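Just below is one structure, and these are the notes that go with it.
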Amino acid sequence: MIKARVTVTLKNGVLDPQGKAIEGALGSLGFEGVGQVRQGKVFDLEVEGSDRTKAEADLKAMCEKLLANTVIENYAISLL
């Protein structure tokens with residue numbers, strides 16, 4: 001069993017209204033000096049087998065087809 005983490009974030013230049021809302025809320029709570037908050041998604045997955053190369057290729061395909069909207073999002077895969 002191979003454990004992996006996929007982190008999906010918006011590409012630079014893509015408007016992030018949720019990040020802006022978090023940034024404003026943090027300021028309202030008294031956390032000064034916080035700027036440019038960007039939010040994203042994290043997926044923890046388990047892939048059967050022991051072939052790390054195949055697992056990474058499968059994870060990339062999962063990102064390209066479902067987990068990330070590659071038009072506006074980047075993704076990073078970490079095998080744990």
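It should be emphasised that the depicted structure is a prediction, and the values quoted were computed from it without experimental measurement. When reading the values below, keep in mind they use all heavy atoms of this one structure, side chains included, and skip hydrogens, waters and symmetry mates.
The two residues R52 and L80 make their nearest non-hydrogen contact at NH1-O, 4.1 Å. Annotation for I2 and S50: closest pair CD1-C, 3.7 Å, computed over non-hydrogen atoms.
The shortest distance between side-chain heavy atoms of M62 and V6 does not fall below 4.5 Å.
A donor-acceptor pair under 3.5 Å is formed between the side chain of R38 and the backbone N or O of K11. Although no hydrogens or angles enter the test, the distance criterion places no donor-acceptor pair under 3.5 Å between the side chain of Q39 and the main chain of G19. Checked by atom type and distance alone, the side chain of D44 never pairs as donor or acceptor with a backbone atom of K3 at under 3.5 Å. The closest donor-acceptor contact from the side chain of E64 to the backbone of K60 lies at 3.5 Å or more, if one exists at all.
Once rounded to the nearest 0.5 Å, the distance linking CZ of R5 with CG of L45 reads 10.5 Å. Rounding to the nearest 0.5 angstrom, the gap separating the CD atom in E56 from the CG atom in D51 is 10.5 Å. Taking CG of N12 as the start and OG1 of T9 as the end, the distance is 8.0 Å to the nearest 0.5 Å. Rounded to the nearest 0.5 Å, atoms CD1 (I72) and CG (N74) are 10.5 Å apart.
Look at D58 and K54 and you find a salt bridge, because one of the NZ, NE, NH1 or NH2 atoms lies within 4.0 Å of a carboxylate O, short of that distance.
Residue Y75 is grouped with residue L79 when hydrophobic side chains (ILVMFWY) are merged at heavy-atom distances under 4.5 angstrom, including chains of intermediate members. No continuous path of ILVMFWY side-chain contacts below 4.5 Å connects L10 to I22, so the two sit in separate hydrophobic clusters. Tracing side-chain contacts under 4.5 Å through hydrophobic residues (I, L, V, M, F, W, Y), one reaches V37 starting from L29; they form part of the same cluster. A chain of hydrophobic side-chain contacts below 4.5 Å, direct or via other Ile, Leu, Val, Met, Phe, Trp or Tyr residues, connects V71 to V14.
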